[in-house]
Amino acid sequence: MSLRPFRPGDLQTLYEIDQACFVPGISYTREELSAFIGHRHSQTWVAEAAGEITGFLIAQREPRKVLHIVTIDVLKAWRRRGLGSLLMDAAEQWANDHGLRMIGLETAQDNFAAHKFYQARGYRKVGEVERYYADGTTAWVMVKELP
């Protein structure tokens, strides 16, 4: 497994991965993904194994020295193999290298595997946003303070 920066030719594959990882209403449209990736304060890491894209993470630098994780997607066949940790490590290291103070993210209230994953990495729940997702699902807001 290795990480590399986003390449314009990756967009369709990332869109397909996002559609496979999340149900409609939580997954992003191709246009939304393109806008997130293309944002001037955005960073996108692409994970590959055996020449195939297996996952990705999009993050945006926000005011007050915060990095916002927009999405982290790992193909089902590659879950629980350390790929999510590799992607999060890259984003957290980037945030540290750029002097950011905090990382924040939202995750669906009923995504218990994600809650456990983030909590094990030192993220804590700080709130909920009702009807955050287009399908009406409530999101947990989780943050991690950086040293």
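Only a predicted model underlies this, so the values are computations on that prediction, with no experimental measurement involved.
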Query raised in the report: With side chains defined as the heavy atoms from C-beta onward, is the minimum distance between Arg121 and Asp89 less than 4.5 Å?
Result: yes
Report task. Quick one: pull up OG1 in Thr29 and CD in Gln19 and give me the separation to the nearest 0.5 Å. Result -> 8.5 Å
**Report entry** Flag side-chain contact, heavy atom, 4.5 Å: Glu62 against His41
**Finding:** no
Query - Audit row: Phe6, Ile58, side chain to side chain contact (heavy atoms under 4.5 Å, CB included) steps and yes/no - result: CA-CA 9 Å; Phe6 170 81; Ile58 303 170; over 6 Å; no
Report task. Compare every heavy atom of Ile69 with every heavy atom of Ala59, then report the nearest pair and how far apart it is. Result -> CB-CD1, 4.1 Å
Query - Minimum side-chain heavy-atom gap Thr107-Phe117 below 4.5 Å - result: no
Report summary line: d(Arg131 CZ, Thr137 OG1) to nearest 0.5 Å is 9.0 Å
**Report entry** Tyr28 with Ile53, same ILVMFWY side-chain cluster at under 4.5 Å
**Finding:** yes
Query - Arg4 side chain reached by Asp10 side chain, heavy atoms, under 4.5 Å - result: yes
**Report entry** Residues which pass side-chain contact (heavy atoms from CB on, under 4.5 Å) with Asn96, listed by chain and number, not counting sequence neighbours
**Finding:** Gln93, Leu146, Pro147
Query raised in the report: Looking only at heavy atoms, which two atoms of Lys144 and Gly122 are closest? And how far apart?
Result: CG-O, 3.9 Å
Requested in this report: Can you sort out the partners of His68 under side-chain hydrogen bond (donor to acceptor under 3.5 Å, both in side chains), two or more places apart, ordered by chain and number?
Outcome: Glu106
Requested in this report: Determine whether Leu33 and Phe56 make a side-chain contact, defined as any pair of heavy atoms from C-beta on separated by less than 4.5 Å.
Outcome: yes
Report task. Answer yes if Trp94 and Ile103 sit in the same cluster of Ile, Leu, Val, Met, Phe, Trp and Tyr residues linked by side chain heavy atoms under 4.5 Å apart, and no otherwise. Result -> yes
**Report entry** Sequence-distant partners of Thr138, side-chain contact (heavy atoms from CB on, under 4.5 Å), two or more places apart
**Finding:** Gln109, Glu128, Glu130
Query raised in the report: Are Phe36 and Leu87 in one and the same hydrophobic cluster, where Ile, Leu, Val, Met, Phe, Trp and Tyr link if side-chain heavy atoms are under 4.5 Å apart?
Result: yes
Report summary line: To the nearest 0.5 Å, atom OG of Ser42 lies from atom CD of Gln60 at 5.0 Å
Query raised in the report: Looking at residues at least two apart in the chain, or sitting in another chain, which of them share a salt bridge (Lys or Arg N to Asp or Glu O under 4.0 Å) with Glu145?
Result: Arg124
Query raised in the report: Which heavy-atom pair separates Leu11 from Ser34 by the least distance, and what is that distance?
Result: CD2-CB, 3.9 Å
Requested in this report: Flag yes if Ile26 and Tyr15 sit in one hydrophobic cluster, no otherwise; membership is Ile, Leu, Val, Met, Phe, Trp, Tyr, and two members link when side-chain heavy atoms are under 4.5 Å apart.
Outcome: no
Report task. Answer yes or no: are there more than 12 heavy-atom neighbours, outside Lys125 itself, under 6.0 Å from its atom NZ? Result -> yes
Query raised in the report: Strictly by modelled atom types, are Gln12 and Arg30 linked by a side-chain donor-acceptor pair under 3.5 Å?
Result: yes
Report summary line: Closest non-hydrogen contact found for Ala113 with Arg80 is CB-NH2, 4.1 Å
Query - side-chain contact (heavy atoms from CB on, under 4.5 Å) partners for Met1, two or more places apart - result: Ala49, Trp78, Leu83, Leu86
Query raised in the report: Angle class for the Phe112/His115 ring planes (parallel below 30°, perpendicular above 60°, tilted otherwise)?
Result: perpendicular
Requested in this report: Could I get the full list of side-chain hydrogen bond (donor to acceptor under 3.5 Å, both in side chains) partners for Arg81, not counting sequence neighbours?
Outcome: none
Query raised in the report: How close do Gly84 and Ile72 get, heavy atom to heavy atom, and via which atoms?
Result: O-CD1, 3.7 Å
Report task. Decide whether Tyr133 and Val129 are clustered together by the hydrophobic rule: side chain heavy atoms of Ile, Leu, Val, Met, Phe, Trp, Tyr closer than 4.5 Å, transitively. Result -> yes
Report task. Show your reasoning for whether side chain to side chain contact (heavy atoms under 4.5 Å, CB included) applies to Thr13 and Val46. Result -> CA-CA 11 Å; Thr13 301; Val46 175; over 6 Å; no
